[in-house]
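Structure first, then comments.
Every number for a ligand or one of its atoms is a count from 1 in the order of the listing.
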Amino acid sequence: MLGMVMKIGILGLGLIGGCLGFDLRSQGYNVVGVSRQESTCQKAISAGIVNQAGQDLSLLASTEVVFVCTPIGLIVPQVKELTSHLSKSTIITDVGSVKTPIVSAITPIWENFLGGHPMAGKTEVGIDAAEPHLFVNRPYVLTPTDTTPNHLVTIVEEIVRSLGANIYYCQPEQHDRAVSWISHLPVIVSASLIAACLSETDPEIAQLAENFASSGFRDTSRVGGGNPELGVMMAEYNRQALLYSLHQYREKLDEFIKMIDEEKWHNLQHKLECNKQARPRYLE
Ligand code: NAP
């Protein structure tokens, strides 16, 4: 391939697909986009996200690598449709936020498949929210299985590295358990927090709580008061790992309730000190 410009396809020109397009083009790749709406394809061309774009999957026929960036529930059905348009050597990779159901459905039907998940995002979605450099210094997880050909991992890794992302490798199940702790559990915990506040029966107290809410409530309610579709998607596609984290969380909550109920202030202090010490490990 020396001297030849690699042709990369992007299926689904939304936030993630659009951001990928910006960066891949600036790396000199030849980028072909396919999306559902003609207006999205036009925007992608005029914004410089892709070299060419259209609504027909056959546009991706001559690409060497395709990034599937459609909403999570459409990744597997779209890949099934896509495969009839590709040559056997084309590499397919996806960006879905949950890996196990996707990797286990696609691996048997496409040998050259590698699951991926760029851990970067924004509140807004759609092509209008796309911007360059979203993946710089952010984790990008790749989930090869025992049957994933090595050369394919090398090629995808090289492309992902060109985005400036930090690459991590793990099994799809490990990925889903890890993101359950730091992403999916917080959504449900934060959603329960808002629901608990709403359960106040005294209207005067409820009104005061609304008036008094400040930065602490803004931080703790943010992920639970966001996009409902995203929350349902996480629960639906990562159900098992999320249920496990939720049960662990309920145990921890019970421990806190007990300490407070029994006025074990020393134990509570100790617990909070451990947490204070551990928290930076997740954020640095
Ligand atoms: P998004 O902005 O809504 O983009 C998805 C795009 O897919 C839409 O803009 C839509 O384009 C297109 N699409 C929908 N149905 C299609 C179809 N049948 N055929 C072709 N294109 C279709 O969503 P996103 O946030 O980029 O998420 C895309 C994927 O990235 C998801 O799988 C998600 O799990 C993953 N992800 C998201 C984030 C995040 O924070 N947002 C982070 C990491 C990974 P049209 O405008 O043409 O309809």
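The protein non-hydrogen atom at the shortest distance from atom 25 (O) of ligand 1 is Val125 CG1, 3.7 Å. Given atom 33 (C) of ligand 1, the protein heavy atom at minimum distance is Ser97 OG, 3.5 Å. Protein heavy atom closest to atom 41 (N) of ligand 1, with residue, atom name and distance, is Leu15 CD2, 3.6 Å. Given atom 9 (O) of ligand 1, the protein heavy atom at minimum distance is Gly14 CA, 3.3 Å. In terms of protein heavy-atom proximity, atom 7 (O) of ligand 1 is closest to Pro71 CD, 3.5 Å. What sits closest to atom 35 (C) of ligand 1 on the protein, heavy atoms only, is Val95 O, 3.3 Å. Here the heavy atom of the protein found nearest to atom 37 (C) of ligand 1 is Ile16 CG1, 3.6 Å. Considering only non-hydrogen protein atoms, atom 20 (C) of ligand 1 sits nearest to Arg36 N, 3.6 Å.
Using a 4.0 Å cut-off between charged side-chain N and carboxylate O, Lys276 and Glu273 make no salt bridge. Ion pair Arg161/Glu157 flagged as a salt bridge, since at least one NZ, NE, NH1 or NH2 atom sits closer than 4.0 Å to an Asp/Glu carboxylate oxygen.
Residue Glu124 places its CD atom among more than 12 non-hydrogen atoms of other residues, nucleotides or ligands, all under 6.0 Å distant. Other residues, nucleotides and ligands place more than 12 heavy atoms under 6.0 Å from the NZ atom of Lys122. Counting heavy atoms of neighbouring residues, nucleotides and ligands inside a 6.0 Å radius, atom CZ of Arg25 exceeds 12 of them. Counted within 6.0 Å of NZ on Lys271, heavy atoms from surrounding residues, nucleotides or ligands total 12 or fewer; the atom is thus considered open.
Among residues at least two apart or in separate chains, there is no ring-ring contact (aromatic ring centres under 6.0 Å, His included) pair with a member in residues 220-266.
Counting atoms of ligand 1 from 1 in the listed order, those under 4.0 Å from a heavy atom of Leu74 are 15 (N), 16 (C), 18 (N). For ligand 1 and Pro118, the ligand atoms under 4.0 Å from any heavy atom of the residue are 42 (C), 43 (C). Near Gly12, meaning under 4.0 Å from one of its heavy atoms, ligand 1 places the atoms 7 (O), 12 (C), 21 (N). For ligand 1, the atoms sitting less than 4.0 Å from at least one non-hydrogen atom of Cys69 are 5 (C), 28 (C), 29 (C), numbered in the order shown with element in parentheses. For ligand 1, the atoms lying closer than 4.0 Å to a non-hydrogen atom of Ile72 are 31 (C), 32 (O). Near Gly96, meaning under 4.0 Å from one of its heavy atoms, ligand 1 places the atoms 32 (O), 34 (O). Here is the list of ligand 1 atoms found below 4.0 Å of a heavy atom in Gly121: 40 (O). Of all atoms in ligand 1, numbered sequentially from 1 with element shown, those under 4.0 Å from a heavy atom of Thr40 are 45 (P), 46 (O), 47 (O).
A donor atom on one side chain and an acceptor atom on the other are not found under 3.5 Å apart for Gln27 and Asp23. Residues Ser180 and Ser245 bring a donor and an acceptor atom of their side chains to less than 3.5 Å of each other.
Remark: the backbone N or O of Cys41 is not paired with any side-chain donor or acceptor of Ser35 at under 3.5 angstrom. Judged by distance alone, with hydrogens and angles left aside, the side-chain atoms of Asn267 form no donor-acceptor pair with the main-chain N or O of Met259 at under 3.5 Å.
The heavy atom nearest to atom 11 (O) of ligand 1, out of those in Ser35, Cys41, Gly116, is found in Ser35.
Note: Glu173 CD to Ser104 OG = 7.5 Å, rounded to the nearest 0.5 Å. If you take CG on Leu74 and SG on Cys69, they are separated by 12.5 Å, rounding to the nearest 0.5 Å.
One hydrophobic cluster, built from ILVMFWY side chains closer than 4.5 Å, cannot hold both Val68 and Leu24; they sit in different ones.
Counting heavy atoms closer than 4.0 Å to ligand 1, residue Thr70 contributes atoms from both its backbone and its side chain. Looking at Ile75 against ligand 1, only its side chain comes within 4.0 Å, counting heavy atoms. Neither the backbone nor the side chain of Val98 has a heavy atom within less than 4.0 Å of ligand 1. The part of His117 lying near ligand 1 is the side chain, judged by heavy-atom distances below 4.0 Å.
Taking only nitrogen or oxygen atoms, main chain and side chain alike, Gly126 reaches within less than 3.5 Å of ligand 1.
Ligand 1 lies within reach of Ala120, whose nearest heavy atom is under 4.0 Å from it.
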